[in-house]
Amino acid sequence: MARVVVDVMLKPEILDPQGKAVQGALGRLGFEGVTSVRQGKRFEIELAGPATPEAVAEIERAASTLLANPVIEDFTIHVESGAEV
Amino acid sequence: MRIGVVTFPGSLDDRDAGRAVRVAGGEAVALWHGDADLHGVDAVVLPGGFSYGDYLRCGAIARFAPVMQPLVDAARGGLPVLGICNGFQTLCESHLLPGALIRNDHRKFVCRDQRLRVESTATAWTSGYEQGQEIVVPLKNGEGGFVADQRTLDELEAEGRVVVRYLDDNPNGSYRDIAGITNARGNVVGLMPHPEHAVESLTGPTTDGLGFFTSVLEGLIRA
């Protein structure tokens, strides 16, 4: 068993209205010194077997096919530390 | 002429789209998301709504519904396809159209009668309009901001593939006021506003939307 994590973020040039809303709320709550908030998505994927290079490559394919839209989003993949590889 | 209207889990405007087809003089054929068959229709409408709850991204899961595989293949082969609102989002997710739709820049759902200018009549769905014609049809979306990189936007403009553009206030932050676009061949059109809600004076602000449906029917009869 292994856990692979996919983090998806809007590309820097794409406006993030949700991040802007959170940033505004932080300011209203008195959290100072915040200049920008960007909101993304995190997928925690549990594998039936170990996170072999093949298994991670398959998750990468899933990320670029479904989890992220490469037109507007970037993603990163990492195997959760502590998981067997 | 038979025009298919796909129903996904969460589609809202499939009935109105089918009605618009009939008002325009066509036969509306209900297509089911789980059925990998277009049943020989002459054109397809992907209707508005919230397919699969808009989970993940609008249209991202609908794109992989069984009906979409034959639809994508047929669209690449020239079948006229119109994506309205959620259907537009699904066409972008399917890469049949470039760009993507993101949350409105002002973060609010917008529902209003929207003035548009028809920028291209060289598509299967707008051939019956006059170039530059101004129309009013309902608009209702929370994630209708059309975005694409500068090069894609420049290409769309240069190739005359912006089909409709917002007039007055830009309702959702769409780049260059783009409300709808087409593919290079002109058979696939996607737009956020809802022409199917403007086909009868009893229920619509105008009947300006009817032209989308009469255009495709006339094109099919000529072909």
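FYI, side chains are in, hydrogens and waters are out, and symmetry mates aren't considered; it's all heavy atoms of this structure. Per chain, numbering begins at 1; letters A, B, ... match sequence-line order.
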message: Going by ring pair (Phe, Tyr, Trp, His ring centres under 6.0 Å), name the residues that satisfy it together with Tyr166(B), two or more places apart in sequence or in a different chain.
response: none
- prompt: Do Asp208(B) and Arg115(B) meet the salt-bridge criterion of a basic N to acidic O distance under 4.0 Å?
  reply: no
- prompt: Is it the side chain or the backbone of Lys20(A) that comes within 4.5 Å of chain B heavy atoms, both, or neither?
  reply: both
query: Which class fits the ring pair Phe146(B) and Phe88(B): parallel under 30°, tilted 30 to 60°, perpendicular over 60°?
result: parallel
- prompt: Which atoms of Asn104(B) come close to chain A, meaning under 4.5 Å heavy atom to heavy atom: side chain ones, backbone ones, both, or neither?
  reply: backbone
field: Region of Leu66(A) that comes under 4.5 Å of a non-hydrogen atom in chain B
entry: both
- request: Examine whether an atom of Ile102(B) lies under 4.5 Å from a heavy atom of chain A, and if so say whether it belongs to the side chain, the backbone or both; otherwise answer neither.
  value: side chain
message: Does this structure show an ion pair linking Glu134(B) with Arg117(B), if we count only N-O contacts that are shorter than 4.0 Å?
response: no
message: For His106(B), which atoms come within 4.5 Å of any heavy atom of chain A: side chain, backbone, both, or neither?
response: neither
query: Are Asp13(B) and Lys140(B) ion-paired here, with the side-chain N under 4.0 Å from a carboxylate O?
result: yes
